[in-house]
Amino acid sequence: MKTSLRGFTLVELLVVITIIGILASIALPVFQKAQEKSRAISDASNLRQIGLGVQTYKGDNNGDFPSGGSTVWPQQLNPTYVPAWKVFKSPFDTRVASEVAATAPVSYGINGTIGNSGSNLLGLDSTKINYPSSLILLAPTIVDNSALLYNGLGNADVLVTSSSAGTGDRGSHSSRKRINVLFADGHTEDITVVKFQDSSSAASAGGGKKRWVYDDNGL
């Protein structure tokens with residue numbers, strides 16, 4: 001008895017291809033969202049690791065933050081307190097990784113907006129911080145650009161300010177509306193860019209000045 005092999009018809013193939021396309025269109029956004037979430041978690045982890053390096057540095061230097069000058073603050077942390085330059089590079093930063101200070105991408109900056117206490121946190125006494133759980137210590141240095149770009153290399157003092165994320169939606173994730181931040185007490189938060197950029201609200205009201213000003217006496 002003969003058996004005949006029947007192939008798929010063109011219509012059946014088109015139906016299968018259409019179904020696969022529909023499934024892919026459903027799965028792709030879910031995959032992209034999961035990938036972004038993973039990067040955001042890694043980004044926060046980098047900030048925590050650098051923050052731990054800063055805390056250890058302060059313990060060895062009478063409570064002072066890393067200072068600027070001839071040896072920039074990233075190099076004061078690497079390799080003694082933060083062993084690898086890759087920790088300074090955000091997973092959202094598309095620049096080529098490097099373990100050489102001159103070319104190592106640094107995606108995070110130290111607070112450079114501290115009001116009446118000076119121009120930045122470099123070299124200052126951390127024991128005088130009034131609100132360590134509110135004061136921003138480190139944050140991504142995102143360029144004011146339509147693309148997600150970063151400033152900073154390992155051979156320069158890298159600072160971040162309340163305007164560093166530019167205007168509008170200039171975060172690193174969640175449609176550029178959110179950004180990870182490390183506070184002076186060592187905890188990280190995933191906050192909106194609007195909250196990140198707020199440096200004008202009165203400190204007594206728990207507003208933006210607490211996030212950016214090192215010492216609010218007289219404000």
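Along the sequence shown, the residues carry numbers beginning at 1. Everything numeric in this text was worked out from a predicted model, so none of it was measured.
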**Message:** If you define the side chain from C-beta out and look only at heavy atoms, does anything of Ser67 sit under 4.5 Å from Gln76?
**Reply:** yes
**Message:** Please report the interatomic distance CG(Leu149) to OG1(Thr94), rounded to the nearest 0.5 Å.
**Reply:** 6.5 Å
**Asked** Should Leu52 and Val181 be counted in the same cluster of Ile, Leu, Val, Met, Phe, Trp and Tyr side chains packed under 4.5 Å apart?
**Response** no
**Request:** For Trp212 and Ile136, indicate whether the former's side chain and the latter's backbone hold a donor-acceptor pair under 3.5 Å.
**Result:** no
**Asked** Of the non-hydrogen atoms in Thr188 and Arg48, which two are nearest, and what is the gap between them?
**Response** OG1-NH1, 2.9 Å
**Asked** Quick check: does any side chain N or O of Asn145 sit under 3.5 Å from a backbone N or O of Ala147, one acting as donor and the other as acceptor?
**Response** yes
**Request:** Decide, yes or no, whether a salt bridge links Asp198 with Arg211 under the criterion of side-chain N to carboxylate O below 4.0 Å.
**Result:** yes
**Request:** Give, for atom CG of Asp169 and atom CD1 of Ile179, the distance between the pair rounded to the nearest 0.5 Å.
**Result:** 12.0 Å
**Asked** Out of curiosity, Asn78 CG to Phe88 CZ, how far, rounded to the nearest 0.5 Å?
**Response** 5.5 Å
**Minimum heavy-atom distance between Ser107 and Ser90, given as atom pair plus value** = OG-N, 2.8 Å
**Asked** For Ser133 and Phe183, what are the C-alpha separation, side-chain angles and deciding distance, and is it a side chain to side chain contact (heavy atoms under 4.5 Å, CB included)?
**Response** CA-CA 6 Å; Ser133 64; Phe183 290 88; 6.0 Å; no
**Prompt:** Does any N or O in the side chain of Glu99 come within less than 3.5 Å of the main-chain N or O of Lys86, such that one atom is a donor and the other an acceptor?
**Reply:** yes
**Item:** Reference residue Tyr108; test side-chain contact (heavy atoms from CB on, under 4.5 Å); the match among Asn180, Leu182, Asp43
**Value:** Asp43
**Message:** Can you tell me which residue among Lys37, Lys177, Arg178 is in a salt bridge (charged side-chain N to carboxylate O under 4.0 Å, His left out) with Asp190?
**Reply:** Arg178
**Prompt:** Val158, Val54: one ILVMFWY side-chain cluster at the under-4.5 Å cut-off?
**Reply:** yes
**Complete:** Closest non-hydrogen contact found for Asp157 with Trp73 is OD1-N, 2.8 Å
**Message:** Between Tyr57 and Asp64, is there a side-chain donor-acceptor contact under 3.5 Å, judged purely by atom types and distance?
**Reply:** no
**Item:** Note, Val160 side chain near Ile110 side chain (heavy atom, < 4.5 Å)
**Value:** no
**Message:** Assess, by modelled atom type and distance only, whether the side chains of Ser42 and Ser45 contain a donor and an acceptor separated by less than 3.5 Å.
**Reply:** no
**Message:** Tell me the closest heavy-atom pair linking Pro66 and Leu77, and the distance in Å.
**Reply:** CG-CD2, 4.0 Å
**Asked** Val72, Trp85: one ILVMFWY side-chain cluster at the under-4.5 Å cut-off?
**Response** no
**Asked** Considering all heavy atoms of both residues, which atom of Ile142 and which atom of Arg170 are nearest to each other, and what is their separation?
**Response** CD1-O, 3.5 Å
